[in-house]
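The structure appears below as structure tokens.
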Amino acid sequence: MQTLDNGMEILLNAMKKQGGNYDTAAIERAYNISRAAHEGQLRLSGEEYFWHPLKVAEIVISLGMDSESVEAALLHDAVEDTPITSEDVRRQFGENVALLVDGVTKLGKIDTATREEQQAENIRKMLIAMAADIRVIIIKLADRLHNMRTLSAQSTRKQLEKSLETIEIYAPIAHRLGIRAVKEELEDLAISYLDPIAYAEIEEQLEKNREYRDTFIESIKSRIKERMGDSVPNLSIEGRIKSIHGIYRKMYMQNKQFEEIYDVYALRVIVNTVTDCYNVLGLVHEMFRPIPGRFKDYISTPKSNLYQSLHTTVISREGLPFEVQIRTWDMHHTAEYGIAAHWKYKSGISGSDERFEERLAWIRQLLESQNDVEDVGEIVQTIKTDLAPEDVFGVTPKGDVISLPVGSTVIDFAYAIHSAVGNRMVGAKVDGRIVPLDYQIATGDVIEVITTSQADRGPSRDWLKMVKTSEARSKIRAWFKKERRPENIETGKEEVERALRQANIRISEEDYENLIKDLAERYQCSTADDFYAKIGYGGLIFSNIVPSIKDRFRQKPQKDIASMVSDDEESASPDGVVVEGIDNCLVKLSRCCSPLPGDSIIGFITRGHGVSVHKRDCTNVPKDLSLADEPGRWIPAHWSVTRSKSFCAALQVHAIDRDGILVDVSTAVLNMRIKMTAVSARQLKDGNCVIDLTVCVEGVEHLKSVISKLSAINGVLSVERSVI
Ligand code: MN
């Protein structure tokens with residue numbers, strides 16, 4: 001049985017199997033530090049937490065990764081979940097390991113973000129980290145793989161969430177990076193949670209035929225081996241069963257019966273050279289009848305994830321179809337380990353560095369296409385479509401093959417040739433016939449892009465809706481960004497105004513300017529025009545951020561005042577208060593602070609009694625409204641410019657208790673022609689007195705002049721505004 005006490009042994013065994021050179025001292029150090037830090041933490045399953053980083057490290061080793069990756073895998077949750085800091089890791093394991101751990105660590109909770117935004121931000125952070133060091137994603141994939149293996153301990157909701165994210169994001173990334181084993185296991189695990197019934201059904205089908213299948217594969221294997229004899233050196237043949245997810249896709253998405261799937265059983269033939277590959281293909285076709293249309297040459301045209309092999313489907317003497325995949329050892333390593341093979345087979349195999357660069361180019365491309373996009377939902381969408389597992393192959397009239405994700409249109413094809421071709425495109429012919437621009441390419445289509453010589457023609461904004469690839473989308477955006485700035489600013493402005501109108505958000509000009517200023521800053525635009533332009537060329541979908549703006553202006557009134565919302569110009573209450581977004585409602589100046597025109601004020605939507613207006617600094621108004629119990633009930637208010645009424649203000653006068661002081665104060669008020677509604681005086685023990693009076697004034701400025709006149713009276717010590 002495995003116990004944590006022989007955890008280090010588990011790693012040493014895994015490393016021995018790989019046969020590489022490891023810095024076992026550093027790995028053991030990481031092991032000890034992480035184990036001590038996670039001491040006492042349990043996983044939901046009840047087992048000790050440290051099993052998780054340990055198992056992740058084991059997977060990372062099995063993928064052939066280097067020592068730094070193994071150290072980072074051991075420490076990957078330590079910074080997030082234990083007192084260990086990034087600085088500790090840097091000091092003890094160096095800059096690289098610290099950056100790896102940091103790249104795998106999730107972002108802290110972003111306050112205002114929705115769960116979807118949070119997910120997208122985390123994914124974006126991961127992509128940026130992985131562009132800097134691709135090992136980040138390999139550790140992240142190992143982390144996700146172990147979490148998926150142990151997902152049964154989580155709640156049903158978490159299981160579905162994680163499975164969905166795995167099948168939409170992580171498995172496609174593994175696919176794109178060519179790490180087959182991880183991709184397939186992630187997919188199968190995800191499907192077992194997302195569609196357990198179908199999963200069980202496929203498992204049962206596979207189990208039912210297992211014995212027969214094993215004998216079948218064995219016999220074919222030996223027949224081929226016999227036939228090849230010594231003519232092909234270093235030949236290896238292995239049987240392979242299609243992954244459950246692969247079968248699932250065919251059964252449930254392409255509506256095929258289990259029996260109709262030709263490649264459930266496959267033989268994989270691995271040889272030394274490309275020439276051997278084609279020789280083996282010839283022999284296999286001699287031995288078994290090939291099914292027409294099922295031969296694919298991914299050696300001359302690699303898949304976009306650089307996968308290379310020859311695929312053919314043939315029929316056995318028993319009438320059972322099976323697939324044969326033929327490849328070299330080099331191609332095999334690439335197919336199994338993908339980008340991870342860079343570390344494992346770094347020494348010895350030439351050309352792999354070039355491929356490594358190609359894979360990195362893809363990530364850079366993906367990130368670049370997102371520089372222009374601030375809308376997080378779209379980022380996730382782009383990743384999903386960009387990583388779509390199937391490719392189609394279009395052919396140029398000259399015979400060049402271009403691989404694109406399924407669903408790509410002729411516009412994608414044009415931009416894949418060159419942005420200048422896309423920008424000047426006016427139409428396309430497929431196999432000689434004119435097709436619409438949203439025509440989706442099928443493999444084998446010979447596509448001729450028709451271009452115009454008018455240099456300034458450019459793409460159409462509608463194309464953004466027709467393209468599938470982020471490459472085409474970002475090239476179209478780039479064109480608009482560069483060529484059409486004034487137009488973009490106009491389009492952006494219109495879009496903002498339209499969206500605000502539709503959402504029934506009405507704000508003052510000043511608020512509008514402040515809003516645009518804030519948003520521009522938030523979306524990294526240096527000016528308002530830049531912000532409008534960004535919306536104009538499609539780099540930001542304004543309607544998607546409207547909900548957060550709505551929040552900011554708390555436009556949504558409570559039910560009992562919903563009827564007060566009107567579309568007219570703002571109108572003031574009899575007291576001269578304008579409550580933003582609400583008209584004709586009962587507005588009361590609150591008794592607790594008696595606001596005056598000129599005071600900064602805020603409204604509170606009461607239950608059934610209209611809006612009560614407070615001074616912004618009233619003790620009954622929370623300092624930070626976002627922390628209020630019901631923040632949505634506080635609503636901006638200001639004083640209307642036109643007003644006629646007077647307001648009551650309470651004043652408290654401290655004075656020396658001399659004869660006639662009360663008369664002097666009263667007279668001064670009368671001389672100012674101000675109505676006084678209440679006055680009272682009391683003696684204090686220190687020989688002074690307090691006079692409380694309520695006066696009617698026109699506003700704050702008026703009151704200030706009253707205060708200064710009263711302060712000038714002989715014996716008055718202070719005059720302060722007070723609570724009525
Ligand atoms: Mn983890």
Side-chain angles (χ1 to χ4, degrees), residues 2 4 7-8 10-11 14 27 30-63 65 68-86 88-89 93 96-109 115 118-119 121-130 133-155 158-159 161-171 173-174 177 179 182-183 185-186 189-190 193 340:
Q2 290 190 331
L4 269 192
M8 192 57 211
I10 296 174
L11 295 186
I27 291 172
Y31 176 94
N32 288 328
I33 287 172
S34 175
R35 187 175 173 188
H38 287 295
E39 181 79 55
Q41 292 177 355
L42 297 181
R43 304 195 84 208
L44 275 185
S45 61
E47 68 176 1
E48 276 193 65
Y49 192 89
F50 183 65
W51 274 114
H52 171 64
L54 174 62
K55 286 291 178 180
V56 173
E58 192 188 13
I59 296 169
V60 165
I61 294 170
S62 76
L63 290 172
M65 299 303 295
E68 288 183 339
S69 306
V70 181
E71 292 155 37
L74 284 165
L75 295 162
H76 84 270
D77 277 333
V79 173
E80 200 173 326
D81 297 334
T82 81
I84 289 177
T85 65
S86 203
D88 296 335
V89 176
F93 299 94
N96 284 344
V97 177
L99 286 176
L100 288 176
V101 171
D102 196 53
V104 180
T105 304
K106 282 199 289 295
L107 290 170
K109 281 257 176 295
R115 206 175 48 78
Q118 186 108 26
Q119 181 203 32
E121 286 303 338
N122 275 318
I123 288 165
R124 178 153 58 171
K125 181 190 173 209
M126 187 175 80
L127 287 171
I128 291 167
M130 99 194 213
D133 191 335
I134 193 71
R135 292 175 294 179
V136 164
I137 191 61
I138 293 168
I139 298 166
K140 190 74 200 173
L141 286 170
D143 177 41
R144 178 50 64 113
L145 182 56
H146 185 250
N147 283 333
M148 287 300 290
R149 282 178 183 169
T150 52
L151 196 61
S152 61
Q154 300 275 356
S155 69
K158 258 264 147 44
Q159 286 173 352
E161 259 174 43
K162 291 280 163 197
S163 297
L164 205 61
E165 194 182 57
T166 297
I167 210 126
E168 287 184 339
I169 310 277
Y170 290 95
I173 289 179
L177 298 175
I179 312 173
V182 172
K183 173 213 169 219
E185 193 180 343
L186 283 177
L189 285 164
Y193 289 100

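Numbering of ligands and ligand atoms starts at 1, following listing order. When reading the values below, keep in mind they use all heavy atoms of this one structure, side chains included, and skip hydrogens, waters and symmetry mates.
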Just by distance, with hydrogens left out, do D143 and H76 show a side-chain donor and acceptor under 3.5 Å apart? yes

May I ask you to say whether E165 pairs ionically with R144, meaning some side-chain N is under 4.0 Å from a carboxylate O? yes

NZ/NE/NH1/NH2 to OD/OE distance under 4.0 Å, E48 and R43: no

About how large, to 10 degrees, is the angle OD1 of D143, then the Mn ion (ligand 1), then NE2 of H52? 70°

Sidechain-backbone polar pair: T166 side chain, K162 backbone, donor-acceptor under 3.5 Å: yes

What N/O/S atom of D77 gets nearest to the Mn ion (ligand 1)? OD2

For the Mn ion (ligand 1), find the closest N/O/S atom belonging to H76 and write down its atom name. NE2

